[in-house]
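Here is the structure we will look at, set down as structure tokens.
Counting convention: from 1, in listed order, for ligands and their atoms alike. In what follows, residues are counted from 1 in the order of the sequence shown.
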Amino acid sequence: MLRSLGAEVVPVRRPADLDGVAGLVIPGGESTVIDKLTRMLGLAVPLRERISAGMPVLGTCAGLILLSDRLADARPDQQTLGGLDVLTRRNAFGGQNESFEADLRVPELGSRPVHAAFIRAPVVEEPGEAVQVLAALPDGRAVAVEQGALLGLSFHPEVTGEPRFHERFLAHVRAA
Ligand code: GLN
């Protein structure tokens with residue numbers, strides 16, 4: 001998705017990989033595993049430093065969990081990188097069988113709705129004052145939030161070919 005939008009993309013696996021990047025995508029997957037690996041590989045501390053220094057980050061699904069300051073239904077030893085002043089609930093809809101697709105209204109991205117894939121998805125239950133809710137479910141729970149250059153999504157826009165959140169992330173990267 002990022003390449004198709006003209007960005008140069010490198011994987012970040014070690015602290016040194018971070019030196020050359022102007023922005024970061026924390027993808028979906030399993031947040032407990034990403035947490036463990038970032039700590040084991042010495043990435044957690046430099047990532048926290050870059051995030052507090054203003055590096056733009058797009059976190060999708062597990063990536064949103066990693067960006068959250070507070071978690072519900074986390075594993076007891078689970079840590080996050082933080083940055084987004086939100087309480088995020090993991091697996092808010094249940095397991096893999098409760099995964100679904102839905103159309104979301106996202107006024108910031110224009111009038112065409114976003115078709116979104118929710119895969120063992122989290123939701124944001126308590127967005128703080130500084131957090132802008134970009135999209136919410138009909139019951140009011142937030143599924144897309146932004147705070148400064150940090151963008152957190154419950155769903156996977158890349159799975160349904162929705163480019164507008166990645167465009168917004170790249171605009172943050174250019175602005176930074
Ligand atoms: N449920 C996963 C977690 O807690 C996230 C799922 C996903 O990234 N699609 O980490």
### Task
Check step by step if salt bridge (Lys or Arg N to Asp or Glu O under 4.0 Å) holds for Arg90 and Glu30.
CA-CA 10 Å; Arg90 291 181 62 219; Glu30 176 52 50; 2.9 Å; yes

So if I count the atoms of ligand 1 from 1 in the order they appear, which ones are less than 4.0 Å from some heavy atom of [X]?
{"X": "Ser31", "answer": "3 (C), 4 (O), 10 (O)"}
{"X": "Cys61", "answer": "5 (C), 6 (C), 7 (C), 8 (O), 9 (N)"}
{"X": "Ile65", "answer": "3 (C), 4 (O), 10 (O)"}
{"X": "Arg90", "answer": "3 (C), 4 (O)"}

Determine whether [X] and [Y] make a side-chain contact, defined as any pair of heavy atoms from C-beta on separated by less than 4.5 Å.
{"X": "Leu64", "Y": "Val124", "result": "yes"}
{"X": "Leu37", "Y": "Arg39", "result": "no"}
{"X": "Gln132", "Y": "Gln147", "result": "no"}

Looking only at N/O atoms, are [X] and ligand 1 under 3.5 Å apart anywhere?
{"X": "Asn91", "value": "yes"}
{"X": "Arg120", "value": "yes"}
{"X": "Ile119", "value": "yes"}

### Option of least heavy-atom distance to atom 6 (C) of ligand 1 (set: Gly28, Gly29, Ala62)
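Selected option, by shortest heavy-atom distance: Gly29.
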
### Salt-bridge criterion met for Arg120 and Glu98 (N-O under 4.0 Å)
no

### Task
Any salt bridge (Lys or Arg N to Asp or Glu O under 4.0 Å) involving residues 56-72? Give me the pairs, sequence neighbours left out, ordered by first then second residue.
Arg70-Asp85

